[in-house]
Amino acid sequence: MVNPGAIYVCGATAVGKTSHALALARELAGEIVNGDAYQLFRGIETISAAPSEEEKAAAPHHLFGVLEPGEDCNAGRYAEMAGEVISGITSRGKTAIVVGGSGLYLKFLTHGASPLPKGDKALREEMEKRPLEDLLAELEKLDPVEAAQVDRCNPRYVSRALEICLLTGEKASELRDSWEEKTRSLEASLNGVWLIREREELHRRIGIRTRQMLDEGAIGEVAKLDGISGTWEKAIGVKEIRRLLAGEISREECEELIVFATRQYAKRQETWFRREKWLKRVEL
RNA sequence: GGCCCAAUAGCUCAGUUGGUAGAGCAGCGGAUUGAAAAUCCGCGUGUCCCUGGUUCGAAUCCGGGUUGGGCCA
């Protein structure tokens with residue numbers, strides 16, 4: 001499951017991962033592998049801040065724009081795709097440079113998937129209609145340990161826990177434990193960096209990039225994909241641009257809202273990567 | 001120049017009949033193995049514009065001022 005040959009380049013959005021990875025690729029004659037949940041999709045290159053054509057020409061790039069906007073993706077599927085690509089690169093004697101900011105996706109790649117079942121769309125839709133207390137009560141019956149451990153305020157986590165129990169007939173808490181046990185020793189063989197910038201500087205870069213995105217086609221991307229639903233819709237900026245297109249907010253308000261959401265995302269990414277102790281910190 | 005209205009957290013604003021203040025947003029911190037750019041949790045001392053006064057007690061009532069806005073000249 002682990003890919004010891006690969007080098008991971010992680011960090012918050014707009015920190016400068018792409019250019020850092022390109023420099024690394026040149027140095028090592030390496031190949032870039034996307035580690036970003038939304039850059040997987042075709043048609044949202046601008047809004048997902050995917051590398052430009054020029055950047056992609058500078059080194060071999062993999063897993064950018066490989067999914068149709070109508071498709072759904074998840075961490076397990078990503079890790080499978082990326083694992084194959086990395087093996088291919090390694091077998092050619094090259095270095096894979098995985099660059100991205102999607103913590104959970106990367107974690108699946110570096111630590112492997114737990115033995116838990118993947119999400120079940122129909123079951124989720126059904127659970128979404130039930131009140132949280134109801135889901136908690138059922139989880140309580142099937143797996144009291146998990147019911148005590150989960151974030152009981154977060155409907156996503158509660159329903160996921162219940163989903164695992166219903167799908168496997170086993171206890172989610174026990175399945176999770178076995179995975180954590182197995183992955184504990186993997187980190188010694190991992191190689192990666194966490195790119196860091198001061199908050200103020202990161203915010204400045206987010207502001208600049210958001211303005212560019214809106215100037216350079218993000219609005220058109222969202223307009224063009226109107227009516228197509230899927231994972232892509234949850235990208236930051238989509239709901240804001242939809243409000244702009246609907247005339248609910250001005251261009252300035254739209255930009256401001258995207259900046260806010262992006263900053264908050266960057267903070268969540270930092271919180272995630274801070275816990276990944278195997279990453280070497282690199283201040284930019 | 002005269003009259004009227006506003007002034008409270010970084011921003012937009014609440015604040016009941018006087019008992020020294022609280023929402024949303026922003027910001028900050030955190031959780032997070034199959035929706036993750038998702039989802040969720042925690043964090044609010046601020047000259048209540050200034051200044052006199054009334055009162056046991058004023059963001060709240062009264063006078064004067066300052067700033068902004070509106071109306072009339």
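Chain identifiers are assigned alphabetically (A, B, ...) following the order of the sequence lines, protein sequences preceding nucleic acid strands; residue numbering begins at 1 within each chain. Computed from a predicted model, the values in this text were never measured in an experiment.
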Novice: Report yes if at least one side-chain N or O of A/K267 is closer than 4.0 Å to OP1 or OP2 of B/rG30; otherwise report no.
Specialist: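 Yes, within the criterion.
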Novice: Provide the distance between the two P atoms, one in B/rC56 and one in B/rU47, to the nearest whole Å.
Specialist: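 30 Å, rounded to whole Å.
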Novice: Consider the side chain of A/D36, meaning its heavy atoms from C-beta on, and name the nucleotide among B/rC28, B/rA37, B/rA35 that approaches it most closely.
Specialist: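 The closest nucleotide is B/rA37.
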Novice: With no angle test and no hydrogens, is the base of B/rA38 tied to the side chain of A/Y157 by a donor-acceptor pair under 3.5 Å?
Specialist: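 Side chain to base: pair present.
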Novice: Please state whether the rings of A/F273 and A/W194 are parallel, tilted or perpendicular, taking 30° and 60° as the class boundaries.
Specialist: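 Rings of A/F273 and A/W194: tilted, 30 to 60°.
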Novice: For B/rA37 and A/Q269 - does any side-chain N or O of the residue sit under 4.0 Å from the phosphate oxygens OP1/OP2?
Specialist: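 So the side chain of A/Q269 is outside the cut-off, no N or O lying under 4.0 Å from OP1 or OP2 of B/rA37.
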Novice: Hey, does A/R274 reach any base, or is it just sugar-phosphate, or nothing, if we go heavy atoms under 4.0 Å?
Specialist: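 The residue A/R274 makes sugar-phosphate contact but no base contact.
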Novice: Begin from the C-alpha positions of A/N191 and A/K280 and carry the test side-chain contact (heavy atoms from CB on, under 4.5 Å) through to its verdict.
Specialist: CA-CA 8 Å; A/N191 181 15; A/K280 284 187 282 291; 3.3 Å; yes
Novice: Measure CZ/A/R268 against C1'/B/rA36 and give the value in whole Å, please.
Specialist: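 The answer, rounded to whole Å, is 9 Å.
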Novice: Spell out yes or no: do the side chain of A/N154 and the base of B/rA31 have one donor N/O and one acceptor N/O closer than 3.5 Å?
Specialist: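 For A/N154, whose side chain was compared with the base of B/rA31, there is no donor-acceptor pair (under 3.5 Å).
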Novice: Are A/R263 and B/rC28 close enough that a side-chain N or O sits under 4.0 Å from OP1 or OP2?
Specialist: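 For B/rC28, OP1/OP2 do not have a side-chain N/O of A/R263 under 4.0 Å.
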Novice: If you look at every strand shown and take non-hydrogen atoms under 4.0 Å, does A/E128 touch a base, only sugar-phosphate, or nothing?
Specialist: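 Base, at least one base atom sits under 4.0 Å.
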Novice: Which nucleotide, if any, forms a Watson-Crick or G-U wobble pair with B/rA38, using both distances under 3.5 Å?
Specialist: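 Paired with no nucleotide.
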Novice: For A/R160, which contact category applies under a 4.0 Å heavy-atom criterion: base, sugar-phosphate, or nothing?
Specialist: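 Touches a base.
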Novice: Considering every strand shown, what is the Watson-Crick or G-U wobble mate of B/rG52 when both distances are under 3.5 Å?
Specialist: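 WC or wobble partner is B/rC62.
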Novice: Strictly below 4.0 Å: does A/R199 bring a side-chain N or O up to OP1 or OP2 of B/rC28?
Specialist: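 Checking A/R199 against B/rC28: at least one side-chain N or O falls below 4.0 Å of OP1 or OP2.
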Novice: Can you check whether A/T13 has a side-chain N or O nearer than 4.0 Å to OP1 or OP2 of B/rA37?
Specialist: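 For B/rA37, OP1/OP2 do not have a side-chain N/O of A/T13 under 4.0 Å.
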Novice: Quick one: A/Y265 OH to B/rA31 C1', roughly how many Å, whole number?
Specialist: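 Computing the A/Y265:OH to B/rA31:C1' distance gives 16 Å.
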Novice: Indicate whether OP1 or OP2 belonging to B/rA37 is found under 4.0 Å from a side-chain N or O atom of A/S102.
Specialist: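 For B/rA37, OP1/OP2 do have a side-chain N/O of A/S102 under 4.0 Å.
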Novice: Give a yes or no on whether A/I228 and A/F41 share a hydrophobic cluster (residues Ile, Leu, Val, Met, Phe, Trp, Tyr; joining criterion: side-chain heavy atoms under 4.5 Å apart).
Specialist: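 Yes: a chain of side-chain contacts under 4.5 Å links A/I228 to A/F41.
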Novice: Using a distance-only test with no angle check, is there a side-chain donor-acceptor pair under 3.5 angstrom linking A/S52 and A/E55?
Specialist: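 A pair is found: one side chain offers a donor N or O, the other an acceptor, under 3.5 Å apart.
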Novice: Please name the nucleotide paired to B/rA73 by Watson-Crick or G-U wobble geometry with both distances under 3.5 Å, or report none.
Specialist: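 Its partner is none (no Watson-Crick or G-U wobble pair with both distances under 3.5 Å).
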Novice: Does the structure show a Watson-Crick or G-U wobble partner for B/rG46, both distances under 3.5 Å? Name it, or say none.
Specialist: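 Base-paired to nothing in any strand shown.
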Novice: Could you check if a side-chain atom of A/R242 sits within less than 4.5 angstrom of a side-chain atom of A/V222, using non-hydrogen atoms only?
Specialist: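 The answer is yes, as the side chains (C-beta and beyond) meet within the 4.5 Å cut-off.
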Novice: Could you tell me the Watson-Crick or G-U partner of B/rA23, where both distances fall under 3.5 Å? Say none if there is no partner.
Specialist: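 Across any shown strand, B/rA23 pairs with B/rU12.
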